[in-house]
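A quick write-up on the structure given underneath.
Along the sequence shown, residues carry numbers from 1. Just so you know, these numbers come straight off a predicted model, no measurement behind them.
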Amino acid sequence: MAASDPLFLRWSRVAMTWLPFADAASIDLPLSRLLRLSLFQVSVGMATVLLNGTLNRVMIVELSVPTWLVALLIALPLLIAPLRVLMGHKSDTHRSAIGWKRVPYIWIGTTLQFGGLSIMPFALLLLSRPENFTLGITASIAAFLLTGAGIHMTQTAGLALATDMAEPDKRPRAVALLYVMLLIGMMFAALVMGAMLRDFTPTRLVQVIQSAAMLTAILNLIALWKQEGRSPAVISKETPRPPFKQMWREYLDRPDTGRLLLAIGLGTAGFSMQDALLEPFGGEILGMSVGATTSLTGAWAFGALVGFALAARALGKGRNPLRMAGFGAVAGISAFAMVLFAAPLDAPALIYTGALTIGLGVGLFSVGTLVASMALAKDGGAGLALGAWGAVQASCAGLGIAAGGLIRDFTTAYVMADGLGETLAVRSTGYGTVYVLEILLLLGTLIVLGPLVGRGRSEELLGQSGPFGLQEFPT
């Protein structure tokens, strides 16, 4: 479509009006090209909804897979995330005879994601049958690992490609726009897959997951088409490669780095323990349908989008990012209290509000701690700082999800055996125990963050961070 086309111009003006960070476009990188590149984020969002939302509810409620096993399977992709640092470094220094350094890694990630999603429905069906349990668990582990590795590789190299393509002063907002598209993709995927699985059958499950696999390949191919230019520098032996050990040592030697990483770990675990439980809680305790519980993920994504927008606005005005991360933890505490009281009050609306508020808290906390981590590397090595942030977040999220499933199963079995008396001998007690632990973890996060925010130490830690911008948001 020609840029002079009145319809195209009208569409561009509308996009610039309502889409956050649409001003990231430039003459060399028009909005239409940037939005086309963002399609890889839509495919990642679709897979994320499947892994963290729809599938855990289907496996636990419809296929009767033990909750602890579901939690461990969902945690597998998150435990791969620390390797994003290595993936990003490899794509930075990749030597290619055809002059591409990002496209090969994005396409490898797409292939892994496609393969994992292709075998996943059959693996899950085998897992639900006792006579095929061993084969089912082996295939399920392979499917979740392939999908998770594909997501991380595609996203890491894709965001790096967006950084390469954008003008220096536009890079933060270009990558922020791609993150907005991730959340939008998650919301739409949750709504569509929820509607398709409203009347659940094993055949419909196969159709939905394999359709997602096909869409992943198609969307990523469209996103990559003629995006990265061929560069002689990619095959040059003179390409600089910064020493990893020296940069890592300098990063750890900065004041308060350990306290900040501890706060990131506690907060992430606090927000993540419910990831494998929220939809099963709605289905098992409140009697919600598959479609209704899948929409909880959409509510979470919308809340995260609102949190991201609020964070952008606040940091653009020079607000303290660590204080904002603390507000995110407070929002999380309120959200888990809502979810906790949804069962005794039999109020499905309360769990929707809680899911939205959890997303809001995650958005504020993630952006605040990310900006603080970037400030620690203001003299160089931002990629290392972001890698440390992503590694701690992903590892604690994976451990939190696995722990949440184990605690829920153990507590439920104990109370149903009358271990705590007749009053607590209900299945919601297991879920409630996890939500109370999450509240305690977020309270601990506030305690750890307090000294960084108070007494001027945050100014010493952050220095002059300047206007808000997310140059390499590792989601």
Side-chain angles (χ1 to χ4, degrees), residues 1 3 8 11-12 14-16 18-26 28-51 84 87 91 100-118 147-166 170-171 173-193 208-229 297-298 301-302 304-305 308 470 472-475:
M1 183 179 293
F8 176 82
W11 176 84
S12 297
V14 171
M16 292 289 287
W18 70 266
L19 189 63
F21 304 110
D23 58 345
S26 62
D28 295 331
L29 183 61
L31 184 60
S32 58
R33 185 180 175 190
L34 187 57
L35 290 177
R36 180 164 64 85
L37 177 62
S38 72
L39 289 178
F40 81 86
Q41 287 284 66
V42 175
S43 72
V44 167
M46 181 171 54
T48 302
V49 169
L50 270 175
L51 295 182
R84 292 176 69 131
M87 295 173 185
S91 71
W100 287 338
K101 63 178 182 178
R102 309 295 186 189
V103 168
Y105 284 89
I106 299 174
W107 194 246
I108 291 172
T110 300
T111 304
L112 293 173
Q113 196 173 328
F114 174 83
L117 292 175
S118 296
T147 305
I151 288 173
H152 295 307
M153 186 172 292
T154 298
Q155 227 180 16
T156 302
L159 293 176
L161 176 58
T163 303
D164 294 341
M165 293 168 55
K170 298 281 189 178
R171 286 172 182 170
R173 306 189 76 78
V175 177
L177 175 61
L178 263 63
Y179 181 64
V180 170
M181 293 303 295
L182 170 71
L183 297 178
I184 292 174
M186 290 180 65
M187 287 189 291
F188 278 103
L191 294 174
V192 172
M193 287 187 288
V208 169
I209 299 179
Q210 292 202 320
S211 296
M214 287 299 300
L215 276 175
T216 294
I218 294 171
L219 290 176
N220 289 3
L221 179 61
I222 295 173
L224 288 180
W225 188 255
K226 294 185 178 181
Q227 292 283 16
E228 184 178 18
T297 303
F302 179 74
L305 182 61
F308 188 82
L470 297 184
E472 297 178 46
F473 197 101
T475 57

So do the side chains of W107 and L224 get within less than 4.5 Å of each other, counting heavy atoms only?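 Answer yes - side chains close enough.
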Closest approach of [X] to [Y] (non-hydrogen atoms, all atoms of both residues):
X: A189; Y: V49; value: CB-CG2, 4.3 Å
X: A213; Y: F114; value: O-CD1, 3.1 Å
X: L50; Y: A212; value: CD1-CB, 3.8 Å
X: A223; Y: L39; value: CB-CB, 3.9 Å

Any residue meeting side-chain contact (heavy atoms from CB on, under 4.5 Å) with I218, in chain and number order, not counting sequence neighbours: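 Per chain and number, I218 pairs via side-chain contact (heavy atoms from CB on, under 4.5 Å) with I222.
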Just to verify, what does A149 make a side-chain contact (heavy atoms from CB on, under 4.5 Å) with, not counting sequence neighbours? I80, L112
Check whether R36 reaches the backbone of W225 with its side chain - one donor and one acceptor, N or O, closer than 3.5 Å. yes
Keeping the roles fixed (side chain from Q210, backbone from S118), state whether a donor-acceptor pair exists under 3.5 Å. yes
Rounded at 0.5 Å granularity, tell me how far [atom1] in [X] sits from [atom2] in [Y].
X: S38; Y: R33; atom1: OG; atom2: CZ; result: 13.0 Å
X: I209; Y: M214; atom1: CD1; atom2: CE; result: 15.5 Å
X: L37; Y: M181; atom1: CG; atom2: CE; result: 10.5 Å
X: I106; Y: T111; atom1: CD1; atom2: OG1; result: 12.0 Å
X: I151; Y: Q113; atom1: CD1; atom2: CD; result: 5.0 Å

Verify side-chain contact (heavy atoms from CB on, under 4.5 Å) between M46 and F188, making sure each step is shown before the conclusion. CA-CA 8 Å; M46 181 171 54; F188 278 103; over 6 Å; no
Among N220, T216, T48, side-chain hydrogen bond (donor to acceptor under 3.5 Å, both in side chains) partner for S43: N220
